[in-house]
Amino acid sequence: MTFSLPTSITQILTPDGKLVGDPPELPPEQLLEFYRWMVLGRIFSNRMVALQRQGRMGTFAPLNGQEAASVGLAAPMQDGDWLVGGYREAISFFMRGIPMVTLMEQWGGYIPISYSPATKVMPIQVVLASQMPHAVGIAMAMQYKKERNAVVAVIGDGATSEGDFNEALNFAGTFKAPLVTVVQNNGWAISVPREKQTAAEYIAHRGPAFGMPGYVVDGNDVFAVYSAVEQCLERARNGEGPSIIEVITYRMGAHTTADDPTKYRPSDELAEWKPKDPITRYTSYLRTLGLLDDAKAADIEAEVRAELQIAVERYEAERPAQRVEKYFDLVYNDTPPQLARQRDELIRALNREQ
Amino acid sequence: MTFSLPTSITQILTPDGKLVGDPPELPPEQLLEFYRWMVLGRIFSNRMVALQRQGRMGTFAPLNGQEAASVGLAAPMQDGDWLVGGYREAISFFMRGIPMVTLMEQWGGYIPISYSPATKVMPIQVVLASQMPHAVGIAMAMQYKKERNAVVAVIGDGATSEGDFNEALNFAGTFKAPLVTVVQNNGWAISVPREKQTAAEYIAHRGPAFGMPGYVVDGNDVFAVYSAVEQCLERARNGEGPSIIEVITYRMGAHTTADDPTKYRPSDELAEWKPKDPITRYTSYLRTLGLLDDAKAADIEAEVRAELQIAVERYEAERPAQRVEKYFDLVYNDTPPQLARQRDELIRALNREQ
Amino acid sequence: MPKWTMVKAINNALDLKLAQDPNVLIFGEDVGKNGGVFRVTDGLQAKFGEERVFDTPLAESAIIGSAVGMATYGLRPVPEIQFAGFTYLAFHQIVAQAARLHFRSGGTIDMAMVIRAPFGGGVRTPELHADSVEALYMQAQGLKVVIPATPYDAKGLLIAAIEDPDPVLFLEHMKLYRSFRQEVPAEHYTVPIGKAAIAREGSDISVIAYGAMVQASVKAAEMVEQKLGASVEVLDLRTIAPLDEEAIVNSVSKTGRAIVVQEGPRAGGVAAEVIAVINEQALYSLYKPVLRVTSPDGPYPFTVMEDDILPSLDRIAAAIETTLEP
Amino acid sequence: MPKWTMVKAINNALDLKLAQDPNVLIFGEDVGKNGGVFRVTDGLQAKFGEERVFDTPLAESAIIGSAVGMATYGLRPVPEIQFAGFTYLAFHQIVAQAARLHFRSGGTIDMAMVIRAPFGGGVRTPELHADSVEALYMQAQGLKVVIPATPYDAKGLLIAAIEDPDPVLFLEHMKLYRSFRQEVPAEHYTVPIGKAAIAREGSDISVIAYGAMVQASVKAAEMVEQKLGASVEVLDLRTIAPLDEEAIVNSVSKTGRAIVVQEGPRAGGVAAEVIAVINEQALYSLYKPVLRVTSPDGPYPFTVMEDDILPSLDRIAAAIETTLEP
Ligand SMILES: Cc1ncc(C[n+]2csc(CCOP(=O)(O)OP(=O)(O)O)c2C)c(N)n1
Ligand SMILES: Cc1ncc(C[n+]2csc(CCOP(=O)(O)OP(=O)(O)O)c2C)c(N)n1
Ligand SMILES: [Mg+2]
Ligand SMILES: [Mg+2]
């Protein structure tokens, strides 16, 4: 069977908050939840950048601009589903149950102690595209266990040029693995624009090439992302195989706190994307619906800030006084004798140095 | 620009030797040359298998069934073009000027001394798909030097699942490198059938996914292969970028002399492909044209056998009495002191052992 | 007790574990109907079905990467890489993903998997098929590297590897696959990972080896014993990472002399680490430098030269004799 | 003479070679307009154009693989891998293609290329960015591995590497990029590949190091000299493969005592090979075992622990003192 190449970008909610398609049927509380997550994401991101500037946090990759995509890809997931994400997916991680403090620990350079298979979220790893075959393996395991679950894998536009991305898609297609791949096309891979990453018009064209459908949606439109991911998850659960969704969005900030986009990015580009901001348009929509007003928005923001503040305090106060012993416990399940000896020697030396 | 997905297999010469399309305009001598190369290829392949059985040759990968594809892909190449092939491309190698004895040396486990950049053929290497980025690099070098040349890269159906294949196509597309990729889809990757290699209907669907045209042609039809490759080479030379051609053919023999296809291959499959034999159909065509008759065919066969015989004799008689010294000269351009010491010690030890 | 080749012993270990543990899956290139290019997985797909034993597309990185995902999910994948030289294509997934996910996850995710791959010289394979890769993977902390030298050990070590919660690279020397038979119990047993074995006891010199070099060393030891009457010990490392340092130090402390025999090239090989261990923990026992018998520092050669390049009985024996000199 | 950081010295070497040789091309991720994530290639695209200095898609294997093709064609590619830990993704193209094509082609094709990559600990980078990879590539016969410790050497070694007909992996320690300045001639010069340098002369003990550990060793040497009055030599290996065995043996033969300082984990590291060389060629000069000061045998740690794990001045000094004991 041959799938056709997507030729346009699906949109449900326009930048000025108007519907041009059918939004997913969701109760008002959930619509507000989406809003809350987006706001939380942006506030979290800004706070992490501030912490980094103050020397209280390691290098961080801001997510500003990609909030709708992150919410839209995580929201339709169900209990048994797994999320295998990149480093810019904080919101999706939180929505799937990872505590804020875990990502603070991770970006802060601590052992991220609150990951576990029980959260059904793969720990962030930074090697581009390497997570993709993991996602396929998890999906194959679900299939083997005859469970009606699926995996959502997230990857950046730049990372799709890696061999592992393509090998993984081909595996997924061949084994009909229950996998939904979301490409967060934010226009840039550090300083390399999307046009220099591949000559194909859409990255989603990779879908048909590997025997699966490919879709392109407006990534700043939470409904478009949600609907596409929901349909693809359903397809995956029904044993109909994998699919790929390219979401077109924009990285509004720097690549990371170590990056200076003024070195390479045309200054008018940001101005062009500003009016397409995912939060602005969603806010307009909710206001039109009467679900949100200034007071409600202020409440939500205050609530989110309070939650974040607690996490920051926990990160800074409780953050494990990590002794290097813990390091040695993590290499193997049973520490081999030479490593135990190295541990003892090192600890003796460190004690001596103090 | 988006290229469309190929949906059918282009054929010019049917299995019973009838034209169903426009054959390339070629002089009779060249038509006969094609025949000669195909016959030479099959006889070479059979002889190599026989030599292997007699313990006079290493493991060999027979090419039977793929003669038309090999001739068709090499014939339209021009002087400055490079060939980057797989291990089953003996005919193309010979057509591009590699002596028969070179491949005998290589399969026989000797240093293949007659390769050189002057031949414009990359030495055979066996790691699947690894040659693809090399082909792209050569094409990029031609582009950088503003030369009107191109590269033909050849790869098997199985190898297209490797990351390197996909990374290379994406590079080629992005840089508009003058590259023509020919996928020799012979139905099998050792014991793994094409259907288990990818869920896409055609491997050539990878083309549009990487921003280049993809074509599917009958690989047992030398005209279809020739025409497709010629057009794509022209395109490449004109600076219009790369393309990919999937040629549908069949591996009539074992994967290599170390393989036993009866373990995994349905017995009726070979019977099905037998009537599609590339040499049979081309012979019928030439006979209809009046270019070939029994006497002429016998002459060509005798000539080819004589040529092969000379190569075998050269391989066996002259084949370098390879002393291990030569090994040490090949590691670096200048042998480092420890390697020189290792060489001297080893040679002393080997002399002692004699 | 049946007398089995190493191929049969490994096949039997896989068979037992497939039967015993539904989480064990075997996959790779040509491991299904074809039973592997060396017939190591012969009959397993027919017996356990395509869901348990299956062929994959040709993509080494995805083979290991998908195994990482399966292990994360609690399965015990046993992927095969058709030849160890092709693990280079999956290098990242092996050393930075499989080996480190336990670490990265703060110890919450186990990477119970066994990567099987044939390797080794002397059997006239093309480029890269024969590469000795163990010293590379010795540097992949979190990964264990096991190389059996006998059919008995192959079965017991493989079962132990599959039952290990940490990832194991299990390297099978092609020359040993069918070179000799040994009595192997048909039932389940394990040989401990991380423990060397004394392949031959002796008191005058320690010959430290692994893989196909164990047998060669034993033969060379016999030659030297006959010639000089010296008592030569041969230590079979069996696990390359983590090394059994205690066994190395015990043997050398006893004999005071040692050589290390390694099939791969010299620079940065396993022998160097063994010598560093001896230097650190048994230097004062040494009468003589520890010689290395290895291939030279070049790529695995064209097949016509491989017998010249590989450590020969004579070279091993000569090194033993030199080291025995007072 | 200008006083330059290592970043500036490398940038200048690239600039000179681009100007001098039209076959030199620089490419990789973010090396163009952005000038590299460490600004090593800053200004080069503006000066030499997009044809000479360009960004590629994100694909390490294709970056090296295409360089192999370019070198085959006679160009002198200087690809950058953004961090040495990501060379794992190009491992096969480096060790089995770039390093072996000269060999495979019977010596007819040269692989003149330089793969540049930053690495090294102590600068709070995420996972894999800091990995010490040199001991892996030490095993890639046909490849040369160079690690400069000073701005002067960085420029001279890089020019030598670009002019070398064989492939060179050129590893740049991130901590050294801007940690100090040194007088560096503005014109063309080379520092020979394969030759170690005495960073500090001494007669009582040899401290063998490379990369960022050279400076640390020099400081530790000063501490010990002040404390004990001992004369400590520091040898900077500069080239990891092929090792300058002569320089190692000469120094140790002179001093009779040695330690090896290495930033990466212990097992299978460069220090093991150095010790094996000493054992083979200078054992009888040794008064004491050669100690290794290294990171422990685990992955490069989370950043809050990196200073604990890396060899510290105190640990180096302590090892020198222990080895100096009679
Ligand atoms: C294999 C690999 N190569 C290079 C890098 C360095 N790097 C980190 S992020 C990045 C750009 C990624 O771009 P993209 O995939 O579009 O994701 P985005 O950052 O835009 O979300 C690069 C080159 C890396 N982490 N891994
Ligand atoms: C990277 C790599 N993996 C595995 C192999 C072993 N191997 C050699 S040929 C082959 C099958 C290749 O199939 P295909 O690409 O279709 O080419 P064909 O042999 O059919 O011409 C395999 C698995 C290899 N040489 N390289
Ligand atoms: Mg991006
Ligand atoms: Mg094939």
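Chain naming here is simple, since letters A, B, ... match the order of the sequence lines and numbering starts at 1 in each. Quick caveat: nothing in here was measured; it's all calculated off a predicted structure.
At a 4.5 Å heavy-atom cutoff, Glu246(C) makes no contact with chain A through either its backbone or its side chain. Only the backbone of Ile124(A) comes within contact range of chain C, with heavy atoms under 4.5 Å apart. Of the two parts of Ser130(A), the backbone and the side chain both hold a non-hydrogen atom closer than 4.5 Å to a non-hydrogen atom of chain C. In this structure, the portions of Tyr327(A) lying under 4.5 Å from any heavy atom of chain C include both its backbone and its side chain. For chain C, the nearby part of Asp164(A) is the side chain; its heavy atoms alone come within less than 4.5 Å. Of the atoms belonging to Pro337(A), not a single heavy atom falls under 4.5 Å from chain C. Neither the backbone nor the side chain of Asn166(A) comes within contact range of chain C; no heavy atom of the residue lies under 4.5 Å from a heavy atom of that chain. Heavy atoms of Val151(A) lying under 4.5 Å from chain C are absent altogether.
Here the straight-line distance linking atom CE of Met132(A) with atom OG of Ser61(C) works out to 12.0 Å at 0.5 Å rounding. With values rounded to the nearest 0.5 angstrom, Leu75(C) atom CG is found 5.5 Å from Lys145(A) atom NZ. Note that CG of Asp334(A) is 11.0 Å distant from CD1 of Ile193(C), once rounded to the nearest 0.5 Å. Here the CZ atom belonging to Phe175(A) is positioned 5.5 Å from the OG1 atom belonging to Thr56(C), to the nearest 0.5 angstrom.
Contact annotation: the side chain of Trp82(A) approaches that of Thr72(C) to within less than 4.5 Å [non-hydrogen atoms, C-beta and beyond]. Within the 4.5 Å cutoff, the side chain of Ile138(A) has no heavy atoms near those of the Met70(C) side chain. Within the 4.5 Å cutoff, the side chain of Leu101(C) has no heavy atoms near those of the Gln125(A) side chain.
A donor-acceptor distance shorter than 3.5 angstrom exists from the side chain of Asp166(C) to the backbone of Asn333(A), with no hydrogens or angles considered. Looking only at distances, no side-chain donor or acceptor of Ser66(C) sits under 3.5 Å from a matching main-chain atom of Val136(A).
Closest heavy-atom contact between Glu167(A) and Ala59(C): OE1-CB, 3.3 Å. Summarising the geometry of Thr108(C) relative to Ser116(A), their closest heavy-atom pair is OG1-CA, 3.5 Å, with the distance given to 0.1 Å. Nearest heavy-atom pair, Leu330(A) versus Gly107(C), reported as atom, atom and distance to 0.1 Å: CD2-N, 3.6 Å. Smallest separation of non-hydrogen atoms from Pro57(C) and Asn170(A): CB-ND2, 3.8 Å.
Across Pro167(C), Pro165(C), Ala71(C), the residue that shares the most heavy-atom pairs under 4.5 angstrom with chain A is Pro165(C). Listed options Ala96(C), Gly74(C), Pro242(C), Gly194(C) were ranked by heavy-atom pairs under 4.5 angstrom with chain A; first place goes to Pro242(C).
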* Test side-chain contact (heavy atoms from CB on, under 4.5 Å) on Phe103(C) and Ile111(A) and set out the steps. => CA-CA 9 Å; Phe103(C) 183 84; Ile111(A) 302 174; over 6 Å; no
* From CA spacing to verdict: side-chain contact (heavy atoms from CB on, under 4.5 Å), His102(C), Val331(A) -> CA-CA 7 Å; His102(C) 182 72; Val331(A) 186; over 6 Å; no
* To do: Walk me through it: do Arg104(C) and Tyr115(A) pass the test side-chain hydrogen bond (donor to acceptor under 3.5 Å, both in side chains)?
  => CA-CA 9 Å; Arg104(C) 179 187 304 143; Tyr115(A) 280 121; over 6 Å; no
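Ion pair Glu51(C)/Lys146(A) flagged as a salt bridge, since at least one NZ, NE, NH1 or NH2 atom sits closer than 4.0 Å to an Asp/Glu carboxylate oxygen.
Residues of residues 140-148 of chain C having a heavy atom under 4.5 Å from any heavy atom of chain A, listed by number: Gln141(C), Gly142(C), Leu143(C), Lys144(C). Interface residues of residues 14-35 of chain C toward chain A, defined by a heavy-atom distance below 4.5 Å and sorted by number: Pro22(C), Asn23(C), Leu25(C).
Among Met142(A), Lys120(A), His134(A), the one residue that satisfies the side chain to side chain contact (heavy atoms under 4.5 Å, CB included) test with Tyr73(C) is Met142(A).
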